[in-house]
Amino acid sequence: MTLKDAPRTSLRPAAAIADVRQDIAGAVPSQLVDAWLASERDDRAHEIIMRPYEVQGTIVSSDSVGLSKLTRTFAQAQVLALVSQPKERLYALARAVGGEAIGVWAADNAQLFFRSEIPANVVVQQMLAALAEIRSCAVQVGLAVHSARCFRVAGGLFGPEADLVEHLAEDVSRGGEILLTRAARDALSLALASKARPCELDRFREPLWSLVDVLPERFVAGEDVLYPAPFSEDVRTLLRASSIDALAHERLDRWRREAIVVFLHARPGPRKRLLDGFAQLAALDRVVASAASSGGDTIKSNGSLAIVLFSRASDAIDFAAASAQVLRATGVRASVAVTAGDVFVFDLGPQGGREIAGDPVNLGAKLAEDAGYDGVLVEASLASDPRCDRGEAFSVELSGIVVEGRLLDGAHASSSEPSM
């Protein structure tokens with residue numbers, strides 16, 4: 001069955017941008033994994049190998065609020081513009097004091113790093129100023145701030161401390177709020193720390209403090225809005241030059257293509273050390289390397305997730321099933337979603353790589369990351385393919401929308417939530 005043969009379904013959400021949980025980084029350098037595998041794989045070896053990548057400072061992660069509702073209301077170009085507006089303000093105010101953007105700010109996520117010589121008080125004042133400016137935007141964001149040591153690899157931040165702040169932004173923060181960990185709060189002046197209110201005990205397993213409706217005492221204005229966007233510069237120019245109303249009629253046909261999407265989300269098993277996780281996730285890179293021979297076009301792969309496009313449903317489902325089997329054999333839990341429809345592929349130009357947006361990508365991300373199954377999940381519009389005949393029907397509610405399809409390749413409910 002080809003894409004044009006696939007029946008339409010009313011059960012897919014009208015979502016236009018992927019809400020992806022991920023380390024926003026490139027692929028982990030193979031030499032790092034090779035060095036670990038050739039070592040004694042003990043604490044001393046881990047410390048020696050990772051020491052050049054160690055950084056200390058303040059980490060800020062953000063997450064937009066109400067993305068699913070937004071994508072049901074606005075056209076693709078409008079969503080890209082609306083999600084971009086708060087990112088521009090965050091970036092401008094961070095850069096004004098020496099903050100650095102981490103990775104490509106895909107979907108509705110953003111991450112910043114401020115080296116230890118930049119006081120945490122300065123960081124939080126700049127973020128308060130950003131929230132004050134974002135208040136007039138259609139899209140609100142929640143921020144999480146943590147002061148810690150972590151590892152900067154392939155343009156991303158890794159380690160348990162980096163995982164913590166990403167989790168707090170994604171799953172705990174609320175729109176218009178700055179969440180502070182104990183380490184971040186302790187690094188503030190007494191005057192600013194006194195304005196933070198303790199969070200409710202049921203929000204997180206450890207104490208957190210919240211800054212809401214607090215204006216900065218002082219901040220440095222910023223004008224550099226060119227954050228690392230998940231689209232090309234010509235798209236950025238189009239979005240910034242057009243009103244939101246005008247973008248309702250912008251179809252982005254230049255970047256649009258019909259495709260069947262395979263969204264792979266890999267989760268390494270329990271591990272004591274970061275490099276053990278890197279070694280396990282290298283299996284995903286090996287799987288994705290075989291996509292071209294199966295008729296696939298790999299848009300991105302960063303170790304924990306990959307997105308591959310196909311023109312034929314049969315090829316996509318075969319690749320998804322084979323990938324799940326290979327990853328399982330290497331001890332990596334994986335959820336692989338197969339969806340179909342219009343996607344938008346953007347060449348990132350001089351910085352290299354490609355990014356993708358669109359309904360089937362968002363749906364694939366939701367199925368692979370939030371549905372609670374390991375194995376292959378084929379969305380209902382493709383479930384008439386003969387390969388799905390032996391699959392088990394599933395129905396899950398994601399962001400208030402019921403999504404149905406077929407579970408293949410021994411897919412089963414996840415035994416536990418992925419580790420942070």
Side-chain angles (χ1 to χ4, degrees), residues 11-12 18-23 163 166-167 170-171 260-272 276-291 294 296 298 300-308 310 313 315-340 360-383 385 387-399 401-420:
L11 296 175
R12 67 153 30 104
D19 185 8
V20 181
R21 298 168 186 264
Q22 60 171 307
D23 291 301
D163 291 344
E166 289 179 18
H167 169 67
E170 181 80 33
D171 298 318
I260 296 169
V261 178
V262 175
F263 191 108
L264 299 95
H265 177 50
R267 300 181 293 277
R271 76 248 189 217
K272 180 180 178 181
D276 288 324
F278 284 172
Q280 284 186 300
L281 289 176
L284 182 60
D285 290 330
R286 293 192 294 270
V287 164
V288 172
S290 69
S294 303
T298 301
K300 65 186 299 183
S301 176
N302 72 0
S304 61
L305 70 82
I307 301 172
V308 184
F310 290 83
D315 293 338
I317 294 171
D318 286 343
F319 175 76
S323 300
Q325 290 173 354
V326 170
L327 292 171
R328 187 184 305 118
T330 60
V332 177
R333 293 170 50 202
S335 299
V336 189
V338 186
T339 61
V361 182
N362 189 71
L363 182 58
K366 289 291 186 183
L367 285 173
E369 297 179 340
D370 298 334
Y373 291 97
D374 291 340
V376 178
L377 300 90
V378 180
E379 192 258 336
S381 69
L382 298 169
D385 187 280
R387 288 158 181 76
C388 299
D389 289 347
R390 296 183 181 180
E392 176 186 349
F394 75 84
S395 178
V396 295
E397 183 173 331
L398 301 170
S399 299
I401 297 173
V402 175
V403 181
E404 297 179 348
R406 309 288 289 185
L407 300 170
L408 310 182
D409 187 51
H412 58 279
S414 300
S415 58
S416 62
E417 289 297 315
S419 58
M420 290 200 317

Starting at CZ of Arg406, measure out to CG of Leu382 and round the result to the nearest 0.5 Å.
-> 13.0 Å
Of all residues at least two apart in sequence or in a different chain, which pass the side chain to side chain contact (heavy atoms under 4.5 Å, CB included) check with Val326?
-> Val287
State the OH-CZ distance between Tyr373 and Arg333, to the nearest 0.5 angstrom.
-> 14.0 Å
Qualifying residues under side chain to side chain contact (heavy atoms under 4.5 Å, CB included), relative to Asp276, sequence neighbours excluded = Trp36, Arg271, Arg273
Atom of Leu408, atom of Cys388 and distance for their closest heavy-atom approach = CD2-CA, 3.8 Å
Do you know the tightest heavy-atom contact between Ala266 and Val332?
-> CB-CG1, 3.7 Å
To the nearest 0.5 Å, how far apart are OG1 in Thr339 and CG in Leu363?
-> 5.5 Å
Ion pair check, Arg267 and Asp374, cut-off under 4.0 Å = yes
For the side chain of Ser335 and the backbone of Glu369, is there at least one donor-acceptor N/O pair under 3.5 Å apart?
-> no
Quick one: closest heavy-atom pair of Val288 and Ser301, and the distance?
-> CG2-OG, 3.9 Å
Please list, chain by chain and in numerical order, all residues satisfying side chain to side chain contact (heavy atoms under 4.5 Å, CB included) with Ala334, sequence neighbours excluded.
-> Leu327
Closest heavy-atom pair, Val402 versus Ser395, reported as atoms and distance to 0.1 Å, is CG1-OG, 3.4 Å
d(Ile401 CD1, Lys366 NZ) to nearest 0.5 Å is 9.5 Å
Run the numbers on Leu284 and Ser304 for side-chain contact (heavy atoms from CB on, under 4.5 Å), then give the verdict.
-> CA-CA 7 Å; Leu284 182 60; Ser304 61; 5.7 Å; no
Interatomic distance, CZ@Phe263 vs CG@Leu377, rounded to 0.5 Å, equals 12.0 Å
List the atom of Ala291, the atom of Val308, and the distance in Å for their closest heavy-atom pair.
-> CB-CG1, 3.8 Å
Heavy atoms of Gly364 and Ala337 approach each other most closely as O-CB, 3.5 Å
Can you check side-chain contact (heavy atoms from CB on, under 4.5 Å) on Phe319 and Ile260, steps first, answer last?
-> CA-CA 12 Å; Phe319 175 76; Ile260 296 169; over 6 Å; no
side-chain contact (heavy atoms from CB on, under 4.5 Å) between Val378 and Asp385, worked out = CA-CA 10 Å; Val378 180; Asp385 187 280; over 6 Å; no
Full working for side-chain contact (heavy atoms from CB on, under 4.5 Å) between Ser294 and Asp318 = CA-CA 8 Å; Ser294 303; Asp318 286 343; over 6 Å; no
